[in-house]
Amino acid sequence: MLFRSANHTDIGVGSALRGKVTQTPKGPRLVSISVISTSKVSPNFVFSALASIVTVAIALAVRMNFDVSPAVAWLVGVNTGAIFFMGLDKSLAKSASVRTPETVMYVMALLGGSPGVLLGIHVFRHKTRKAAFQFVLLLIFGAQAFLLRALEISLRG
């Protein structure tokens with residue numbers, strides 16, 4: 001999320017601020033804020049790059065160590081990566097850190113990782129209250145199942 005400060009500097013996630021904390025009737029408040037440094041790196045970029053590296057690394061490891069097709073190696077990689085990122089996001093949520101953006105999860109699901117994201121929801125009990133998130137994932141999963149059926153692709157071989 002980006003904010004505009006008084007001197008029109010973009011303040012994003014990772015920016016450093018300095019200020020004085022004063023006590024108000026509603027609790028502590030930061031006043032006299034000044035920007036020490038700004039961050040221009042988006043969490044979408046960071047997590048997308050990390051997701052790409054993890055997914056490709058797993059897919060390559062599967063392809064090199066097992067006698068499987070590139071498509072199967074990719075599906076194993078993207079689904080394993082999706083489960084990993086659901087667990088990572090759950091861990092980040094507990095520590096109140098910068099979170100994995102939902103768009104990263106959606107892209108992984110669109111690239112074949114929808115079973116992994118759905119499994120991660122249940123394994124880590126994460127995003128179980130996010131009906132909109134689950135609805136979009138189920139739409140993606142349903143569209144992929146419909147596409148496989150329309151193309152008459154069977155997972156049995």
Side-chain angles (χ1 to χ4, degrees), residues 1-5 9-17 26-28 30 35 37-157:
M1 178 182 298
L2 289 178
F3 298 96
R4 253 312 148 197
S5 68
T9 304
D10 288 331
I11 303 171
V13 174
S15 295
L17 305 175
K26 293 184 178 180
L30 187 63
V35 179
S37 67
T38 59
S39 175
K40 300 290 184 191
V41 179
S42 163
N44 279 331
F45 174 76
V46 172
F47 282 99
S48 296
L50 186 58
S52 300
I53 291 167
V54 168
T55 299
V56 170
I58 294 169
L60 286 173
V62 168
R63 179 77 171 125
M64 292 170 65
N65 292 306
F66 299 97
D67 185 27
V68 296
S69 70
V72 171
W74 172 257
L75 289 174
V76 170
V78 75
N79 281 287
T80 305
I83 293 170
F84 169 78
F85 275 92
M86 287 299 291
L88 176 65
D89 192 47
K90 175 70 173 195
S91 175
L92 293 173
K94 286 181 178 179
S95 66
S97 293
V98 176
R99 302 276 306 276
T100 306
E102 289 183 356
T103 54
V104 172
M105 300 296 184
Y106 290 144
V107 170
M108 290 183 86
L110 282 169
L111 294 175
S114 54
V117 175
L118 291 170
L119 183 63
I121 287 172
H122 297 290
V123 168
F124 297 108
R125 298 182 193 277
H126 186 50
K127 295 201 179 281
T128 55
R129 296 182 186 175
K130 296 274 191 165
F133 180 79
Q134 291 182 6
F135 180 73
V136 171
L137 285 175
L138 289 174
L139 284 177
I140 292 169
F141 188 78
Q144 290 170 340
F146 178 78
L147 182 63
L148 288 173
R149 182 70 175 144
L151 297 173
E152 294 184 15
I153 296 175
S154 172
L155 295 178
R156 295 183 188 140

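These numbers come from the heavy atoms of this one structure, side chains and all, not from hydrogens, waters or symmetry mates. What you are looking at is a predicted structure, and each value in this text was computed from that prediction instead of being measured.
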**Request:** Take Val72 and Phe66 through the side chain to side chain contact (heavy atoms under 4.5 Å, CB included) test and state the conclusion after the steps.
**Result:** CA-CA 10 Å; Val72 171; Phe66 299 97; over 6 Å; no
**For the student: nearest non-hydrogen atoms of Ala93 and His126, plus distance** = CB-CE1, 4.2 Å
**Prompt:** Looking only at atom types and distance, does a side-chain atom of Gln144 sit under 3.5 Å from a main-chain N or O of Pro115, one as donor and one as acceptor?
**Reply:** no
**Request:** Measure across Val104 and Asn44 and return the closest heavy-atom pair with its distance rounded to 0.1 Å.
**Result:** CG2-O, 4.3 Å
**Request:** State whether the side chain of Ser95 and the backbone N or O of Leu92 hold a donor-acceptor pair below 3.5 Å, judged by distance alone.
**Result:** yes
**Message:** Once rounded to the nearest 0.5 Å, what's the spacing between atom CE of Met108 and atom OG of Ser114?
**Reply:** 11.5 Å
**Prompt:** Out of curiosity, Gln134 CD to Lys127 NZ, how far, rounded to the nearest 0.5 Å?
**Reply:** 10.0 Å
**Request:** Could you tell me whether the side chain of Ser91 and the main chain of Gly87 form a donor-acceptor pair under 3.5 Å?
**Result:** no
**Asked** With a 4.5 Å limit on heavy-atom distance, are the side chains of Pro43 and Arg99 in contact?
**Response** no
**Prompt:** If you draw the axis of the six-membered ring of Phe124, does the NZ or CZ of Lys90 fall within 45° of it and under 6.0 Å from the ring centre?
**Reply:** no
**Item:** For Tyr106, the option from Phe141, Phe135, Phe133 that meets ring-ring contact (aromatic ring centres under 6.0 Å, His included)
**Value:** Phe133
**Item:** Shortest non-hydrogen separation from Gly81 to Ile58 and the atoms involved
**Value:** N-CD1, 4.2 Å
**Message:** Give me the atom names and distance for the closest heavy-atom approach of Thr128 to Ile121.
**Reply:** CG2-O, 4.0 Å
**Request:** Kindly give the heavy-atom pair with the smallest separation between Val98 and Phe47, and that separation in Å.
**Result:** O-CZ, 3.9 Å
**Request:** Report the distance from atom OG1 of Thr55 to atom CG of Leu75, rounding to the nearest 0.5 Å.
**Result:** 11.5 Å
**Request:** Enter the distance from Phe84:CZ to Asp89:CG here, rounded to the nearest 0.5 Å.
**Result:** 11.0 Å
**Message:** Let me confirm one number: the CG-CG distance from Asn65 to Leu60, rounded to the nearest 0.5 Å.
**Reply:** 10.5 Å
**Asked** Given side chains that start at C-beta, do those of Thr80 and Val54 come closer than 4.5 Å, heavy atoms only?
**Response** no
**Message:** Looking at every non-hydrogen atom in both residues, tell me the closest pair between Gly116 and Ala82 and how far apart they are.
**Reply:** C-CB, 4.0 Å
